[in-house]
Amino acid sequence: MNPGTNKNCQSFLQESQTRVNRLLQLKINTQYSVFSNTQEPDLQRLKQASAYCINNGGKRLRPSLVYATAKAISNKPSTHDLDLIAAAVECIHSYSLVHDDLPAMDDDDLRRGNPTCHIAYDEATAILVGDGLQSFAFELLAETENLTTEIQIRLVKLLAQASGNFGMVGGQMIDLQSAGQQLTLQQLEQMHSLKTGALICASIAMGATAAGATTNELKALNDYAKAIGLAFQVQDDILDIESDTETLGKTQGADEKLQKATYPALLGLEQAKDKAQQLVNSAHQALAHISGDTEQLHQLADFIIQRNH
Ligand code: GRG
């Protein structure tokens, strides 16, 4: 955990990690239990590789946002349903990292401090792991038990839109196309709002939707989400310069090596830091419109720019 992180936030993040990790482990085991009797070695390899990519020490920021948002709105959703929603979001995130690391994309060999999936296994397996995690996410959403069908469908739509062509996939495409090119600040912002911002926004919108948020609450939370989503990316760019490979758990300096447009490259390091802080300030302001317990959302906003990996 980061040395600078508030103690309450640390324990909340740890609690969220425990909850979502337990659910994911249980569901992966259940999913494959039907095959283990047949001793099917190829599926065992897929199971092992999927577990490798899911259980490798991610911060679980997006699940934490699901939990914190739901708490800010109501205690309506059951613990199990929230765990399923949090796990679904994390599966999409983990799949995106597995595919992002592939040679055809960012071509990285280190992720969360371990060899990337295609290095530990092989490229074809890594592609299938990502594909499987993506489908698994929607299966988990379909397993929620105490939500109305209308809410379930809204959750499916939120996650599909955020991860699809007009969300994460589209953002990744823009990112790949723009390597080596000069982007304006506006273009950079648009790319990140799709590539990483959309899934962060969806985590918050999904927690809020499951908890029965009103239109006004959804709007305030969307403002919060957009601000922390962008702050997250600005901080990621800063860490790529200031941190080291061991702390990051991925290759430091990769942005520069791939000639990626970044906030520090466009604004300068100090101004990038100011921008991250301004975004977090506006996230705090957005929460003023929510009357429930927003303490954890405030802490997560701070964590996003205090994190060291
Ligand atoms: C392959 C369709 C497709 C999309 C990939 C999200 C993404 C799009 C690529 C990730 C590239 C990257 C490293 C972006 C920087 C922001 C980011 C998502 C960092 C990793 O997220 P964390 O810090 O990771 O939440 P952990 O490991 O803690 O889960």
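Every number for a ligand or one of its atoms is a count from 1 in the order of the listing. Note that the coordinates shown come from a computational prediction; the quantities given were computed from them, not determined experimentally. We number each residue from 1, following the sequence as shown.
- Under a 4.0 Å heavy-atom criterion, H309 is not in contact with ligand 1.
- Residue H93 has at least one nitrogen or oxygen atom sitting less than 3.5 Å from a nitrogen or oxygen atom of ligand 1, judged on distance alone.
- Close approach of ligand 1 to H99 is summarised as follows: ligand atoms under 4.0 Å from at least one heavy atom of the residue are 1 (C).
- What you find for V129 and A49 is that their closest heavy atoms are CG2-CB, 3.5 Å.
- Atoms of ligand 1 found under 4.0 Å from any heavy atom of Q233 (numbered from 1 in listed order, with element): 15 (C), 16 (C).
- Atoms of ligand 1 lying under 4.0 Å from any heavy atom of R112, numbered from 1 in the order shown and given with element: 26 (P), 27 (O), 29 (O).
- Under a cut-off of 6.0 angstrom, the local environment of NZ in K27 is crowded, with over 12 non-hydrogen atoms contributed by other residues, nucleotides or ligands.
- The distance from ligand 1 to the heavy atoms of K59 drops below 4.0 Å at these ligand atoms: 22 (P), 23 (O), 24 (O), 25 (O), 26 (P), 28 (O), 29 (O).
- Considering only heavy atoms from C-beta on, R60 stays 4.5 Å or farther from L13 through its side chain.
- At least one N or O atom of R62 sits closer than 3.5 Å to an N or O atom of ligand 1.
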Assess the residue pair L141 and Q152 against the criterion (side chain to side chain contact (heavy atoms under 4.5 Å, CB included)); give the C-alpha distance rounded to whole Å, side-chain angles, the decisive distance to 0.1 Å, and a yes or no. CA-CA 7 Å; L141 285 185; Q152 279 180 314; over 6 Å; no

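- Of all atoms in ligand 1, numbered sequentially from 1 with element shown, those under 4.0 Å from a heavy atom of V169 are 2 (C).
- Residues Q25 and N21 have side chains that never bring a donor and an acceptor to within less than 3.5 angstrom of each other.
- Here the heavy atom of the protein found nearest to atom 6 (C) of ligand 1 is S96 OG, 3.5 Å.
- Listed by atom number, the atoms of ligand 1 under 4.0 Å from Y95 heavy atoms are 2 (C).
- Within the 4.5 Å cutoff, the side chain of Q235 has no heavy atoms near those of the I228 side chain.
- Taking 4.5 Å as the limit, some side-chain heavy atom of E295 sits within range of a side-chain heavy atom of Q299.
- Counting heavy atoms closer than 4.0 Å to ligand 1, residue D236 contributes side-chain atoms (C-beta onward) but none from N, CA, C or O.
- Given atom 17 (C) of ligand 1, the protein heavy atom at minimum distance is F232 CE2, 3.7 Å.
- Salt-bridge annotation for D83 and R22: absent, with no side-chain N of the basic residue lying under 4.0 Å from a carboxylate O of the acidic one.
- Looking at atom 11 (C) of ligand 1, its nearest protein heavy atom turns out to be D100 OD2, 3.2 Å.
- Listed by number with element, the atoms of ligand 1 under 4.0 Å from a non-hydrogen atom of R307 are 23 (O).
- Side-chain contact of D237 with Q233: a donor-acceptor pair under 3.5 Å is present, judged by distance alone.
- Taking the six-membered ring for Trp and thresholds of 30 and 60 degrees, H298 and H284 have nearly parallel ring planes, at less than 30 degrees apart.
- Remark: minimum distance from atom 8 (C) of ligand 1 to any protein heavy atom is reached at Q172 OE1, 3.4 Å.
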